[in-house]
2 protein chains.
Amino acid sequence: MTQAVRHDSMRARNLGVVLGEVRRSGPITRAALAEITGLTKTTVSKMVGDLLGAGMVTESGALRDGERGRPGTAVGLSGHRVAALGLEINVDYLSVCVVDLTLSVRLRRTQAVDNRAALPVETLAHLQELAHRVVDEARSEGLAVAGSTLAVPGPVDDGLLHAAPNLGWHDVRVGDLLDFPVAVENEANLAALGELWFGSGPSDFLHVSGEIGVGAGLVVGGALFRGARGLAGELGHVIVSPDGPACRCGGRGCLEQYAGQEALLRAAGLDGVPELVAALQAGESGALRACERAGRALGVALTSAVHLMDPGTVVLGGVFAPLFPWIHGPAVETMTARLARMRHAVPELTVSRLGGDAASLGAAGQVIHRIIADPGAHLAATTARPASEPR
Amino acid sequence: MTQAVRHDSMRARNLGVVLGEVRRSGPITRAALAEITGLTKTTVSKMVGDLLGAGMVTESGALRDGERGRPGTAVGLSGHRVAALGLEINVDYLSVCVVDLTLSVRLRRTQAVDNRAALPVETLAHLQELAHRVVDEARSEGLAVAGSTLAVPGPVDDGLLHAAPNLGWHDVRVGDLLDFPVAVENEANLAALGELWFGSGPSDFLHVSGEIGVGAGLVVGGALFRGARGLAGELGHVIVSPDGPACRCGGRGCLEQYAGQEALLRAAGLDGVPELVAALQAGESGALRACERAGRALGVALTSAVHLMDPGTVVLGGVFAPLFPWIHGPAVETMTARLARMRHAVPELTVSRLGGDAASLGAAGQVIHRIIADPGAHLAATTARPASEPR
DNA sequence: CCGATTTAATCCATTTTATGGACTTAATAT
DNA sequence: ATATTAAGTCCATAAAATGGATTAAATCGG
């Protein structure tokens, strides 16, 4: 149910609106904030004062724009105090990053670990140690880590990792294995949010994150679409051909059997993405054929996805990013042939500028995003317990 | 951008919260409303007073529950004053209904017209006449029609009907052809909302509305999912088999070519849904085979849809409703085989209790829903101009 | 160079809205 | 008949935003 607005929640919400506008419109004067939000200058001034006190914004000096009249002092987000921890567990690495309120990446650590062989407890002990080291380092830079999110390669429902087939994990309450509070979320979803906040693209897109599996995260109007149980976006198991090769999901002809990393490498007869890229650059016909086949299959699956979800754009990330030049053509061709007559504009197919860090960046970004949306809650939490430890 | 909350909008929102709770929790006392919403008894009492004055709620007498203490007087939605007009244009009929604030259907008129032959202006003149007649009739029952929504068989973006292939219409600003203000929305979307508000199902589902084309509307958390441009839900063109029969959309092997009304009837060698149902009841093998084939294709398309959008349930409406007994089996079988290993629960496949009226009911329901969400706006509009005419 | 003009930011009395406790009302329990 | 309990109303108060006045710091025009 939508909750009633009371005096205190009105204040909290308006604080969020003001801070959100500071983020959106860069350094901006109080007067302009008042204009945009519809609040009075008085109210905005008081709020900016509070936010300054909390170290969430800074005055970046007088803003002289040549106009007549008293120049305003611009206030912008401050990257000096509040920060967030982003974590990622994937098949062959652990990754940790610290991001400040301005979404600048302050620290980043990746550690190659083969987690296929490991139990959840072992992997998470590893991750915890890594996290503590990074948080200590951040603290020595004056940053207060306000929260953390963990990206995992599998569907998550309310903190429970339902299944991570490529890790061999099932029904793990990942958050309970760490000694600090953490939000847990699907890797594909967070990669999409990473693309939203750290890539400079649009705010409506489907982000395809091909790793070992093929996942996708849909962002509409700047918000992630999760479906009824948070399991949306399984592009890898969209049916390309109902009588195609059997898939580990129990179905046949899933996209993963045509465009998954494994299928691609098998079709090309190679055993690594770097090798495949080299072969493609050398113009080897086997590699080229494999990519064309994958591209066409991706085009078929994306056609279904566009009809169902109507994304504004499609962004290819993960392993598809380095293969983009060879996949793009056949995929777009397939989509155009099947979509053009139904839609004014066939969604553009672009490539992600982010590397494999998209998910952990998205994880940290989610924490920052929540703080900006409700700075009052963060303020209350930090004044009640002035320290910064997530431990 | 999220707008700031000011004193007046706080009031407006709380009024909506209170009225929404009255709708949700049936006749309910002021004290219970205060408890649930978190507002004080004083505030709730004042708001209920205003709503009583506007004729949006009524006191339904003392509520004696056998408990000790003063019994409360229950207030519930009033169906005596505020009403909404729902309109629908479809290939072979026009439909109009009036629904009151309690979502009771007060009036309903359907007129068989073959709109395939007609120009938009002609059809809308027809519809307008029908609407005026019904509104007059409603007024004579004491109802004030507060707004209207029109369902059309094609994708709509911001009031513009992009294309209605089965009507032969293109880029029509339907609302401009009527002499009263109307919101325009896709028929499949409104049918889904109709199912939400008038069917007694869950609040997370994918509603499949097979008419001439096959459309679908996704409802998550009681809200319709529209995609980036409002074109989401085109289940009919999800790809079942990439090399299947050519489709009028330019693609091949779309669901519509297997489970669309035309394809179904052709496969069965009959030319009407009633005839098909009769043949199925008689156990004719051609008809049974056609339905089994359609059911399997539907299962394939729904498998892709479930992977991508994660609906809680799937509800079959439109022409699939009468065919449900024969389609259900093969569809569920296909879905289970392909989904069971990936999900705890394969979404249930149910049948809509609503007839072909789902869309026009949803249209009227949308108006009511908006009034309940923001009764303040309605109140302001009606006190400024006390009459009820949508003309 | 000085006053007029313009815009930014703050100050302060006021308004709007919700709050919380006291009070009244109407029922059941003893 | 009296105590108890819960519903609903009354009223003084508190929280928050408002709007106009004031002060501050620029540019413009002579």
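Letters A, B, ... mirror the listed sequences (proteins, then strands); counts begin at 1.
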Anything under 4.0 Å to a heavy atom of chain A counts; send over the first and last such nucleotide of DNA chain C, read 5' to 3'.
-> dT5(C) to dT19(C)
Looking at residues 48-55 of chain A, who's got a heavy atom less than 4.0 Å off DNA chain C?
->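 Within this stretch, nothing sits under 4.0 Å of the strand.
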Side chains of [X] and [Y]: closer than 4.5 Å at any heavy-atom pair?
{"X": "Val135(A)", "Y": "Leu85(A)", "value": "yes"}
{"X": "Val22(B)", "Y": "Ile372(B)", "value": "no"}
{"X": "Leu150(B)", "Y": "Glu185(B)", "value": "no"}
{"X": "Leu39(B)", "Y": "Val18(B)", "value": "yes"}

So, Asp50(B) and Arg11(B), do they make that salt bridge, N to O below 4.0 Å?
-> yes
Is the shortest distance from a Lys or Arg side-chain nitrogen in Arg229(B) or Asp310(A) to a carboxylate oxygen in the other one below 4.0 Å?
->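 The answer is yes: the pair qualifies as a salt bridge.
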Heavy-atom pair of closest approach, residues Val57(B) and Val48(B) =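 Between these two residues, the closest heavy atoms are CG2-O, 4.2 Å.
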Minimum heavy-atom distance Pro375(B)-Leu19(B), with the two atoms named | CB-CD2, 3.7 Å
With sequence neighbours excluded, residues passing ring pair (Phe, Tyr, Trp, His ring centres under 6.0 Å) with Phe225(A) =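 Counting only residues at least two positions away or on another chain, Phe225(A) forms a ring pair (Phe, Tyr, Trp, His ring centres under 6.0 Å) with Phe225(B).
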In whole Å, what is the span from the CZ atom of Arg30(B) to the C1' atom of dT9(D)?
->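 Interatomic distance, CZ of Arg30(B) to C1' of dT9(D): 10 Å.
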Take Ser45(A) and Thr42(A) through the side-chain hydrogen bond (donor to acceptor under 3.5 Å, both in side chains) test and state the conclusion after the steps.
-> CA-CA 5 Å; Ser45(A) 275; Thr42(A) 310; over 6 Å; no
Starting at the 5' end of nucleotides 11-20 of chain D, put B wherever the base has a protein heavy atom under 4.0 Å, S where only the sugar-phosphate does, and a dash everywhere else.
-> B---BBSBBB
Could you write nucleotides 22-30 of chain D as a row of B, S and -, 5' to 3', where a protein heavy atom under 4.0 Å of any base atom gives B, of only sugar-phosphate atoms gives S, and otherwise -?
-> --BBBSS--
Any residue meeting side-chain hydrogen bond (donor to acceptor under 3.5 Å, both in side chains) with Glu59(A), in chain and number order, not counting sequence neighbours = Arg30(A)
